[in-house]
Amino acid sequence: MLLSEVIGREKSPEYSKKTAKVPDYLIKETIDGIPFYYAGYRSVLDKTKTIEEIMADSGLQLFIKTYFLNIFSKCLDSTKFYIFIGEVGSHLDHRSNLGLDVAVYDKKILTPDKITSKYIDVIPKYVVEVDVKVEMASRDANLFEEFVLRKVKKLFAFGTETIVWVFSKSKTVIVARPDNKWDVLEWDQDIQMAEGIVFNIGKYLSDEGIALQD
């Protein structure tokens with residue numbers, strides 16, 4: 001599937017001015033001025049959950065993030081690259097603030113003077129995302145089109161070289177590059193993200209004794 005074909009079908013979400021304003025602290029990411037809320041934010045609004053309960057990663061998500069941290073640490077020269085995991089704040093422009101699960105930065109670009117108390121404002125070389133942990137105000141929103149594709153397109157426009165998106169429920173991995181081709185793969189095989197960087201999530205989890213129900 002060509003990336004251009006997928007993104008070409010993207011439609012801008014519609015928002016009602018009558019929708020009650022959601023507090024800013026429930027916004028996880030903003031892309032092109034569009035807010036994407038933490039998954040489960042409605043439970044916080046109706047006071048059945050706390051903000052802390054919806055912000056935390058699951059054990060599986062943590063394992064996958066840590067796996068990629070270890071892969072990058074083994075494959076990349078630590079004198080040339082920074083590897084961050086967690087909610088890596090990435091400021092692309094005044095309307096786009098992203099949270100990245102795993103991000104690799106070239107030290108020639110992310111120089112010491114660019115490390116401040118604000119979000120990082122230089123583009124990562126590689127990005128790994130695990131699942132889709134956002135919701136939109138519209139319950140009918142297609143998050144793959146309106147969030148996943150928009151986020152990928154935004155990162156590519158700024159210069160990210162490769163994006164891996166892991167979908168744990170379907171055990172599927174998408175490897176996207178700005179050449180307009182997406183590889184959609186099962187996660188229990190060797191997958192090359194970049195030259196010298198190969199991963200196999202299914203094997204890793206199996207080796208760790210983690211059995212997931214289908």
Side-chain angles (χ1 to χ4, degrees), residues 27-29 31 36-41 51-78 80-92 97-107 110 115 119-120 122-135 143-144 147-152 154-156 160-177 182-194 196-213:
I27 298 175
K28 186 176 186 293
E29 303 185 43
I31 308 175
F36 296 90
Y37 306 103
Y38 285 98
Y41 79 95
I51 181 65
E52 291 78 14
E53 288 179 290
I54 67 169
M55 290 176 67
D57 285 331
S58 70
L60 178 60
Q61 290 164 343
L62 287 172
F63 258 76
I64 294 173
K65 287 184 185 183
T66 303
Y67 172 59
F68 278 98
L69 171 64
N70 293 336
I71 289 288
F72 287 136
S73 297
K74 291 177 182 178
C75 298
L76 297 175
D77 186 343
S78 62
K80 297 180 179 178
F81 299 98
Y82 291 117
I83 306 160
F84 302 133
I85 67 170
E87 286 293 311
V88 182
S90 180
H91 174 73
L92 302 188
N97 289 300
L98 311 183
L100 308 176
D101 287 338
V102 186
V104 176
Y105 290 88
D106 189 325
K107 288 187 176 182
L110 183 57
I115 304 298
Y119 280 9
I120 294 173
V122 302
I123 200 69
K125 182 180 181 70
Y126 304 130
V127 170
V128 178
E129 293 289 291
V130 182
D131 294 325
V132 178
K133 296 167 289 185
V134 300
E135 293 180 12
L143 287 176
F144 186 80
F147 177 65
V148 175
L149 296 186
R150 188 181 296 275
K151 187 169 183 176
V152 168
K154 196 74 179 178
L155 286 166
F156 282 159
T160 296
E161 294 182 12
T162 308
I163 299 169
V164 168
W165 210 303
V166 179
F167 298 90
S168 62
K169 186 174 181 180
S170 61
K171 301 178 183 177
T172 303
V173 175
I174 291 176
V175 181
R177 301 180 182 88
W182 284 32
D183 293 323
V184 182
L185 306 160
E186 300 296 320
W187 75 2
D188 57 352
Q189 60 183 294
D190 290 346
I191 299 173
Q192 181 170 316
M193 176 179 183
I197 304 176
V198 178
F199 62 91
N200 187 322
I201 298 172
K203 183 178 185 302
Y204 163 70
L205 294 176
S206 177
D207 290 346
E208 293 294 325
I210 300 171
L212 301 176
Q213 295 181 349

Side-chain donor or acceptor of Thr172 paired with backbone N/O of Ser170 under 3.5 Å: yes
Can you sort out the partners of Tyr126 under ring pair (Phe, Tyr, Trp, His ring centres under 6.0 Å), two or more places apart, ordered by chain and number? none
Nearest heavy-atom neighbours spanning Trp182 and Phe144: CZ3-CZ, 3.6 Å
Separation between NZ (Lys28) and CG (Leu98), nearest 0.5 Å, reads 9.0 Å
Residues in salt bridge (Lys or Arg N to Asp or Glu O under 4.0 Å) with Asp207, at least two apart? Lys203
Between Glu29 and Asn97, does any side-chain donor sit less than 3.5 Å from a side-chain acceptor? no
Answer yes if the ring centres of Phe81 and Tyr105 are under 6.0 angstrom apart, and no otherwise. no
Okay, side chain of Asp101, backbone of Ile85: is any donor-acceptor separation there less than 3.5 Å? no
Spacing of Lys154 atom NZ and Ser90 atom OG [to the nearest 0.5 Å]: 11.0 Å
Donor-acceptor contact present, side-chain Thr160 to main-chain Phe156, <3.5 Å: no
Non-hydrogen atoms of Ile27 and Tyr37 that approach each other most closely: CG1-CE2, 3.6 Å
Option among Leu212, Asn200, Asp188 that satisfies the side-chain contact (heavy atoms from CB on, under 4.5 Å) test with Leu205: Leu212
Measure up the Phe63 and Tyr204 rings against each other and bin them: parallel (under 30°), tilted (30 to 60°), perpendicular (over 60°). tilted
Cation-pi check for Tyr38 against Lys133: NZ or CZ below 6.0 Å from the six-membered ring centre and within 45 degrees of the axis, yes or no? no
Is there a side-chain contact between Trp165 and Val128 (heavy atoms, below 4.5 Å)? no
Distance-only, no hydrogens or angles: does the Arg177 side chain make a donor-acceptor pair with backbone N or O of Met193 under 3.5 Å? yes
